[in-house]
**Q** 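Mind having a look at this structure? Questions to follow.
All values below come from the heavy atoms of this structure, side chains included, with hydrogens, waters and symmetry mates left out. We name chains A, B, ... by the order of the sequence lines, and we start the count at 1 in each one.
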Number of protein chains: 2
Amino acid sequence: MLNHSESLDRVFQALADGTRRDIVERLVSGPASVSQLAQPLAMSLPAVMQHLQVLEACGLVRSEKVGRVRTCRIEPQVLRMAEEWIARRRTSWEQRLDRLDDLLAEKPSEQGSTS
Amino acid sequence: MLNHSESLDRVFQALADGTRRDIVERLVSGPASVSQLAQPLAMSLPAVMQHLQVLEACGLVRSEKVGRVRTCRIEPQVLRMAEEWIARRRTSWEQRLDRLDDLLAEKPSEQGSTS
DNA sequence: CCAACAGTCAAGCGACTGCTTAAGTGTTTG
DNA sequence: CAAACACTTAAGCAGTCGCTTGACTGTTGG
């Protein structure tokens with residue numbers, strides 16, 4: 001099994017900041033330039049750039065510069081990877097609970113003995 | 001709309017560390033004591049405790065002490081919350097792409113007009 | 001009782017984060 | 001060409017993170 005550990009580190013780290021989640025939120029409704037992304041945010045442009053670098057470094061966002069304008073768009077594969085990591089653990093947990101329920105339903109009053 | 005922003009900060013921050021994801025991984029297969037969790041990890045017991053505190057602070061893990069042993073178990077609601085945050089953004093993005101495809105398929109060579 | 005056990009508290013340390021300001025670079029526009 | 005524009009780079013700084021060691025608390029088992 002491949003270990004995406006470092007990649008997961010970066011994605012979850014990227015999503016662990018409200019400003020960066022705001023940027024992702026904005027980008028799911030379509031591409032935007034750096035200053036369009038910065039406009040509603042209460043911080044300097046370099047700060048926004050740094051957030052964008054974090055988002056690009058983990059592959060959540062891709063950007064392209066044309067003339068003097070950099071256009072950013074979201075890249076959903078990495079989003080899906082993070083989602084699936086969580087989903088697998090959650091379903092794994094739920095299946096364990098189901099098996100436990102089955103055992104308890106099948107043998108409601110047995111205790112220490114084996115067979 | 002409720003703002004779970006701080007809560008999401010904490011969960012994603014918690015998941016942004018490989019050791020903590022290992023602990024979550026271990027706990028989805030059933031409850032464990034602190035030293036059971038620490039045993040495969042290449043670090044001191046206090047370090048493991050600190051990771052557990054992070055996991056408890058964001059609600060991913062709950063623990064209970066009986067005698068001298070603290071038993072930890074996973075708490076899947078917060079896991080689901082994080083999963084859903086991602087899922088909503090991803091599907092939102094996919095729906096936008098679908099609408100875009102529809103428009104392009106319907107009017108393959110039109111430009112400015114409405115209706 | 002006392003020793004081993006399971007966990008906890010506290011201080012400290014180097015690395016990393018999220019910002020800032022100041023000074024750039026390259027690209028239009030008048 | 002010169003000024004406005006849209007970023008970009010670099011330095012610096014306060015605060016947080018992940019970890020360590022050392023000392024300590026409470027709980028069993030012989």
**Q** Report yes if the side chains of B/Asp9 and A/Asp17 come closer than 4.5 Å at any heavy-atom pair, otherwise no.
**A**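 No, their side chains stay 4.5 Å or more apart.
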**Q** Taking only Lys NZ, Arg NE, NH1 and NH2, and the carboxylate oxygens of Asp or Glu, determine whether B/Arg70 and B/Glu64 approach each other closer than 4.0 Å.
**A** no
**Q** Base contacts versus sugar-phosphate-only contacts with protein, heavy atoms under 4.0 Å: please encode nucleotides 9-25 of chain D as B, S and - from 5' to 3'.
**A** B--------SBBBB---
**Q** Counting only heavy atoms not in B/Arg96, do more than 12 fall under 6.0 Å of its CZ?
**A** yes
**Q** Side chains of A/Ser5 and B/Arg21: do they bring a donor and an acceptor to under 3.5 Å?
**A**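 Distance-only check passes for A/Ser5 and B/Arg21.
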**Q** With a 4.0 Å limit, can you tell me whether B/Lys65 has a side-chain N or O closer than that to the phosphate oxygens OP1/OP2 of D/dT27?
**A**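 For D/dT27, OP1/OP2 do not have a side-chain N/O of B/Lys65 under 4.0 Å.
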**Q** Roughly how many Å is it from CD in A/Glu56 to C1' in D/dT8, rounded to a whole number?
**A**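 Between C1' of D/dT8 and CD of A/Glu56: 13 Å.
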**Q** Taking side chain to side chain donor-acceptor pair (under 3.5 Å) as the test, write out the residues that go with B/Arg26, two or more places apart.
**A** none
**Q** If we count only N and O atoms by modelled type, under 3.5 Å, do the side chains of B/Arg73 and B/Ser63 hold a donor and an acceptor together?
**A** no
**Q** Using the ring of each side chain (for Trp, its six-membered ring), is A/Trp85 parallel, tilted or perpendicular to A/Phe12, with breaks at 30° and 60°?
**A**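 Taking A/Phe12 first and then A/Trp85, their aromatic rings stand perpendicular (interplane angle over 60°).
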**Q** Roughly how many Å is it from CD1 in A/Ile23 to C1' in C/dC19, rounded to a whole number?
**A** 14 Å
**Q** Starting from P on C/dT17, measure out to CG on A/Asp9 and report it in whole angstrom.
**A**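 Between P of C/dT17 and CG of A/Asp9: 11 Å.
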**Q** Distances under 3.5 Å between protein N/O atoms and the N/O atoms of nucleotides 27-30 of chain C, please, pair by pair.
**A**
| from | atom 1 | to | atom 2 | distance (Å) |
| --- | --- | --- | --- | --- |
| C/dT27 | O2 | A/Arg68 | NH1 | 3.0 |

**Q** Salt-bridge test for A/Arg62 and A/Glu56: reply yes if a basic N is under 4.0 Å from a carboxylate O, no otherwise.
**A**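 No salt bridge links A/Arg62 with A/Glu56.
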**Q** In whole Å, I'd like the distance from the CG atom of A/Leu52 to the P atom of C/dG18.
**A** 13 Å
